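Working notes, beginning with the structure itself.
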Amino acid sequence: MPYLLALLLTASLFSTSSLASTPTSCDNNTDCIEVGRWDIGIALGYGNKTNPLKDFEDIPLYAVPTLAYYGDNWFFDNGNIGYTITEGENYTVNLITTFSNDSAFFHRWDPSNIFLLSGDTNHNAVTPLASTMTGRTAKDPKAIGELENRNFTYLGGVEAFIYTRFGIVHATVAHDILDVHGGTESKLKWFYNLPLNKWNFEIAAVLDWKSEEVVDYYYGVRANESLYWNQAYQAESAVNKSIEFTGQYVLTEHWNLLFVARYTDIANEIADSPLLDKDYTSTYFVSAAYRF
Amino acid sequence: MLSTTKKLLLCFFAGSLLSQSVLAKTSDEELTPLLKLSPEICITSADERSCDIEVTLEWQTLTNRTICIISDYKDLKQWCSTSPDIHDLTVNISAERDIQFVMIDKDTHETIAGVKLKVTPASPPQVRRRYRNPWSLF
């Protein structure tokens, strides 16, 4: 949390000037949207999202949709629902619902994976390979049995944007509203947009804090999965760190080329879980995107 | 020799037929505008607030009257036809606001009809900040 506060305070010092004044046109723009009109698009291409869970397969990416609708105050944006409480030239405060990324590693049809279509007809993109994690003999005290469900949940909370000349700071605090794990997540993101002729680049750095309840629910080991690891691994709150890059090249009014990459350094508190065998996850996606 | 009653009835029928034809004529006149403007609306672009357009005024005259067109447009304060046979006028307009055209009788200055050119700015679509990168679902 000290990271978050320090970054937030630093960013707020630079918030006197803004490059993000209210736009008047949304042509080929990713940070502005027409009020009262659905924004629908789909990106078709190829990519991959690595799965840090031991013996779980990576998630291939073939298609990614975008679906958004903004009213005067309400908005729906790719599964997130929000309400703008207040907005000024240099700031925005929204009430929001959002969802956790963690359950996506466990479920093929998690909302985060919905359109990450695999060519595999049995849809086993994230199913364990059934080698080391399951099927071990009971004599091995470190063997982990079949995993219980780690369910998807919605989070509800508040987010704030601060628009500065050095980029945009986005801070979010949200709590589990479906009482799946009862935990809280907080995110601090800095991102910077750089339009360059037909190119638009966005770079971002993210600190993603998860409370002990979240870490325990997704990465803790239940007693019936492994009594040994249930005792040996104790979940703690954790901060994942990510860097992201999005590049878009405008081909026509409707078509863009899209290049997306993300690398997440998973916190030690999570990486120490016996369910993981990697302390990172990375995603890339190269595609042609069509906006209707 | 017709009786007085029959004379009265004849007058009544003749009168009613006459009044019907007058009513029909009045109705036709009301349905057909005396002064027409084409086009009636000019939409200005978001970039240029001025409306630059060629408009045509057309009128019909029921009697052989010579007319004048007066307006609040700076370049057409008053225009008068030289002959009752002229029934239209084409004007190049460059304006930022509505223009009222009025047709009057050249001799009596009686107002005959009027039309308005509406200058309407094209309202740009309302936009707002988008809070999520469209392609950040994963």
Side-chain angles (χ1 to χ4, degrees), chain A residues 20 22-26 29-37 39 41 43 47 49 59 61 64-68 70-73 75 77-80 82 84 87 92 94 96 101 104 111-116 159 161 163 170 191 193 202 204 244 246 248 256 258 260 262 283 285 287 289 291, chain B residues 33 35-57 71-77 89-102 114-138:
Chain A
T22 305
T24 55
S25 168
C26 289
N29 217 326
T30 57
D31 55 2
C32 128
I33 189 168
E34 201 175 312
V35 172
R37 181 175 172 271
D39 180 51
K49 176 177 173 180
I59 302 154
L61 283 74
V64 174
T66 184
L67 183 66
Y70 280 63
D72 290 332
N73 294 101
F75 62 88
D77 200 331
N78 286 339
N80 301 282
T84 301
E87 182 160 50
T92 303
N94 297 328
I96 45 124
N101 292 327
S112 295
N113 296 333
I114 278 176
F115 289 93
L116 311 187
E159 69 177 4
F161 290 84
Y163 308 97
H170 176 204
F191 57 105
N193 270 304
E202 180 183 297
E244 297 174 7
T246 306
Q248 287 188 74
N256 283 3
L258 181 67
V260 183
R262 173 196 282 176
T283 303
F285 186 53
S287 70
R291 301 278 282 278
Chain B
L35 181 62
K36 280 200 301 182
L37 176 68
S38 180
E40 291 184 329
I41 297 175
C42 178
I43 298 173
T44 59
S45 68
D47 302 330
E48 293 179 32
R49 293 177 58 197
S50 174
C51 161
D52 298 304
I53 194 170
E54 183 182 271
V55 298
T56 302
L57 290 153
S71 79
D72 54 358
Y73 179 53
K74 60 183 188 311
D75 293 338
L76 188 76
K77 291 293 182 196
L89 171 69
T90 299
V91 190
N92 282 314
I93 297 290
S94 179
E96 293 183 4
R97 57 185 179 83
D98 296 354
I99 298 172
Q100 180 76 50
F101 297 96
V102 176
V115 285
K116 182 187 270 188
L117 174 70
K118 282 196 72 67
V119 178
T120 306
S123 56
Q126 190 190 349
V127 297
R128 60 179 290 196
R129 286 175 178 133
R130 184 168 186 173
Y131 305 118
R132 302 284 182 276
N133 183 322
W135 308 111
S136 67
L137 188 62
F138 48 95

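Note that this is a predicted model, so its numbers are computed, not measured. The sequence lines fix the lettering, A, B, ..., with proteins before strands; numbering per chain opens at 1.
Across P134(B) and T66(A), no two heavy atoms sit closer than the pair O-OG1, 3.0 Å. Nearest heavy-atom pair across R132(B) and F161(A) is NH1-CZ, 3.9 Å. Closest of all the heavy-atom pairs between A289(A) and W135(B) is CB-CZ2, 3.5 Å. Between D77(A) and Y131(B) the shortest heavy-atom distance is OD2-N, 4.5 Å.
Interface remark: of the candidates N80(A), I96(A), T246(A), N80(A) forms the most heavy-atom pairs closer than 4.5 Å to chain B.
No donor-acceptor pair closer than 3.5 Å links the side chain of R128(B) to the backbone N or O of V35(A).
Between atom NE2 of residue H170(A) and atom CG of residue N133(B) there is a gap of 12.0 Å, rounded to the nearest 0.5 Å.
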Evaluate the side-chain contact (heavy atoms from CB on, under 4.5 Å) criterion for residues R129(B) and Y163(A): first the C-alpha distance (whole Å), next the side-chain angles of each, then the deciding distance (0.1 Å), finally the verdict. CA-CA 11 Å; R129(B) 286 175 178 133; Y163(A) 308 97; 3.1 Å; yes
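Using a 4.0 Å cut-off between a side-chain N of Lys or Arg and a carboxylate O of Asp or Glu, R130(B) and E34(A) do not qualify as a salt bridge.
Contact of D72(A) with chain B is made through backbone and side chain together, with heavy-atom distances under 4.5 Å. For E244(A), no part sits under 4.5 Å from any heavy atom of chain B, backbone or side chain. Residue S287(A): no heavy atom, backbone or side chain, is found under 4.5 Å from chain B.
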